[in-house]
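As a basis for the values below, the full set of heavy atoms in this structure was taken, side chains included, without hydrogen atoms, waters or symmetry mates. Read the numbers this way: they start at 1 and go in the same order the structure lists the ligands and their atoms. Treat the numbers as computed from the prediction; the structure is a model and nothing was measured. FYI, the numbering just counts along the sequence from 1.
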Amino acid sequence: MKAKDITQIALMTAVIVILGMFPGIPLGFIPVPIVLQNMGVMLAGALLGPKKGTISVALFLILVAIGMPFMSGGNGGIACFMSPSAGYVIAWLFTPLLIGWAESRFNADHKPVLEFAFIWLFGVLFIDGVGAVWLAFATHITIGQSLIANLAFIPGDSIKTVATLLVAQALLKNKTVAAQLQ
Ligand SMILES: O=C(O)CCCC[C@@H]1SC[C@@H]2NC(=O)N[C@@H]21
């Protein structure tokens, strides 16, 4: 791995940390807040691809696991992987892999409609689905109830998908940036 790859990974991890500085918005009816951090995870897949994107999210999760207060609201530590939100956080690790794989396999020229579809499928539906199943077990509600409650995340997460797409498309349009990201 080259120095530029390590720099890109570290920068993406920093972006996810910075997005965690925005406090979560509690929903009240489930113990999972609306956060911005999942947008960083989408961006990791859309910009860095499956390998570097996954490493950047893994690095973020390792920092959280060893106690860095990098989750929304300043949370950190191994408890973050056992809380009612843990399903989402664990799904974050696989999201860049899925988005990056789908993009490189089916959308190498970054057509916006397809890119939106892949980010939404793996950055919204996948994360919210895994998170909902874990949440059901953690809070002793049915999976159906949990899935219905999770619908509350879909509008905001869809807006984050559009924002991710716009940032990724703008950066990849620049030939120098695109060449660096290869
Ligand atoms: O800070 C945490 O403990 C993790 C919060 C996870 C929040 C999830 S990510 C997907 C969905 N969209 C949101 O805005 N919030 C939830």
Applying a strict 4.0 Å limit to heavy atoms, is Pro33 in contact with ligand 1?
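Right, Pro33 reaches ligand 1.
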
Would you check if the side chain of Asp5 reaches a backbone N or O of Lys2 as a donor-acceptor pair within less than 3.5 Å?
yes

Could you go through His110 and Glu103, starting from their C-alpha distance and side-chain angles, then the distance that decides it, and tell me whether this counts as side-chain hydrogen bond (donor to acceptor under 3.5 Å, both in side chains)?
CA-CA 7 Å; His110 298 283; Glu103 276 291 285; 2.9 Å; yes

Just going by heavy-atom distances, which of Phe126, Phe153, Trp92, Phe70 is nearest to atom 9 (S) of ligand 1?
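Considering heavy atoms of Phe126, Phe153, Trp92, Phe70, the nearest to atom 9 (S) of ligand 1 sits in Trp92.
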
Please state which part of Asn150 comes within less than 4.0 Å of ligand 1, counting heavy atoms only: side chain, backbone, both or neither.
neither

Can you tell me if Trp120 uses its side chain to pair, donor with acceptor, with the backbone of Val162 under 3.5 Å?
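Not at all, since once roles are kept as given, no pair shorter than 3.5 Å links the two residues.
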
Would you check whether Asn75 reaches within less than 4.0 Å of ligand 1, judged by its heavy atoms?
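Heavy atoms of Asn75 never come under 4.0 Å of ligand 1.
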
Tell me, please: is Gln37 in heavy-atom contact with ligand 1, that is, under 4.0 Å?
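Not so, Gln37 does not reach ligand 1.
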
Between Asn38 and ligand 1, which part of the residue brings a heavy atom under 4.0 Å of the ligand: side chain, backbone, both or neither?
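Answer for Asn38: side chain.
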
Would Asp157 and Lys160 count as a side-chain contact (heavy atoms from CB on, under 4.5 Å) if you check the C-alpha gap in whole Å, the side-chain angles of each, and the deciding distance to 0.1 Å?
CA-CA 5 Å; Asp157 287 351; Lys160 290 172 217 167; 2.8 Å; yes

Ring-plane angle category for Phe106 and Phe118, please: parallel below 30°, perpendicular beyond 60°, tilted otherwise.
tilted

Is there a donor-acceptor pair under 3.5 Å between the side chain of Gln8 and the backbone N or O of Gln180?
yes

State whether the side chain of Ser56 and the backbone N or O of Thr13 hold a donor-acceptor pair below 3.5 Å, judged by distance alone.
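Such a contact is absent between Ser56 side chain and Thr13 backbone.
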
Ligand 1 contact on Lys160 by region, counting heavy-atom pairs under 4.0 Å
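It is the side chain that touches ligand 1; the backbone stays farther off.
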
Please indicate whether any nitrogen or oxygen in Val35 is less than 3.5 Å from any nitrogen or oxygen in ligand 1.
yes

Are Ile18 and Val167 connected in the hydrophobic side-chain network, where two residues link if heavy atoms are under 4.5 Å apart?
no

For atom 3 (O) of ligand 1, find the nearest protein heavy atom and state the residue, atom name and distance (0.1 Å precision).
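Heavy-atom neighbour on the protein nearest atom 3 (O) of ligand 1: Ser85 CB, 3.5 Å.
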
Atom indices of ligand 1 within 4.0 angstrom of Met71 heavy atoms, with elements:
1 (O), 2 (C), 3 (O), 4 (C)

So if I count the atoms of ligand 1 from 1 in the order they appear, which ones are less than 4.0 Å from some heavy atom of Asp128?
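Result: 10 (C), 11 (C).
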
Polar atom proximity, Ser83 to ligand 1 (N or O, under 3.5 Å):
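The answer is no, given that Ser83 and ligand 1 share no N or O pair closer than 3.5 Å.
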
At a 4.0 Å threshold, what atoms of ligand 1 neighbour a non-hydrogen atom of Asp157?
10 (C), 11 (C), 12 (N), 13 (C), 14 (O)

Any donor-acceptor pair under 3.5 Å from Gln37 side chain to Phe70 backbone:
yes

